[in-house]
Amino acid sequence: MPSERRHPPFFRTKKLAIVGMTNTRFFTPWHDPSWTIAVHPCVYRLCGRTPDWWFDLHPRTTFTKPKSWHPNYLYWLKHLQQPIFMQEDWPDIPMAVRYPRERVMGEFRAYFTNHAAWMIALAMTEDITHIGLFGCEYAHENERGNQRGSCEYWL
């Protein structure tokens, strides 16, 4: 990976599309090169093109557990060809880029309950002019229902 991708600014355009799993992901501007596309790996089989960035800020212990959407997630992470924001720059995951948590926390208050909120805050530190959320509704009152307020706050 080019070294400039490991340091700010991370995004190649001023428009950032953050993509999750729900049905509005179909509206993602996959074929518009003016958008940088950042995707949570749970969407990997549903992407309209290879994303510019992946992001998974979960603790490392979750990488070795089989996922409903991927039976060998750690193997997949180790073979990625695009950068992925993670909690750490893991040596065994060559494309892992440590999420700049200190930079974000130095500028903003701590109100993060989901990946979209962390990505929106990072985009704000990079002078992104357009942020699009696709597949990130947080509409249900299940485990993700409590994440909606944080996403709304950052928007």
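Heads up: numbering here begins at 1 and tracks the sequence.
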Suppose we screen for ring-ring contact (aromatic ring centres under 6.0 Å, His included). Which residues come up paired with [X], at least two apart in sequence or across chains?
X	result
Trp118	Tyr99, Phe112
Tyr75	His79
Phe108	Trp154

Problem - With sequence neighbours excluded, residues passing side chain to side chain contact (heavy atoms under 4.5 Å, CB included) with Cys42 - result: Met21, His40, Trp69
Completion exercise
By side chain to side chain contact (heavy atoms under 4.5 Å, CB included), Asp127 pairs with (sequence neighbours left out) Lys14
Any side-chain heavy atom of [X] sitting closer than 4.5 Å to one from [Y]?
X	Y	result
Asn23	Arg25	yes
Ile84	Pro41	yes
Phe10	Pro100	yes
Leu133	Ile120	yes

Exercise for the section: State whether Asp92 and Arg60 are salt-bridged, where the test is any N-O pair (Lys NZ or Arg NE/NH1/NH2 against Asp/Glu carboxylate O) under 4.0 Å. Expected result: yes
Practice task
Please report the closest heavy-atom contact between His31 and Gly48, naming both atoms and the distance.
Solution key: CE1-O, 3.8 Å
Handout entry: Same apolar cluster (I L V M F W Y, side chains within < 4.5 Å links), Phe134/Phe26
Key = no
Practice task
For Glu107, look at atom CD and say whether over 12 heavy atoms of other residues, nucleotides or ligands are found less than 6.0 Å away.
Solution key: yes
Exercise for the section: Step through the shown structure and confirm whether more than 12 heavy atoms of other residues, nucleotides or ligands are within 6.0 Å of CZ on Phe27. Expected result: no
Problem - Side-chain donor-acceptor contact under 3.5 Å, Thr13 with Ser34 - result: no
Handout entry: For Thr125, side-chain hydrogen bond (donor to acceptor under 3.5 Å, both in side chains) partners two or more places apart
Key = Arg103
Practice task
Could you check whether the rings of His115 and Phe55 sit parallel, tilted or perpendicular, using 30° and 60° as the cut-offs?
Solution key: tilted
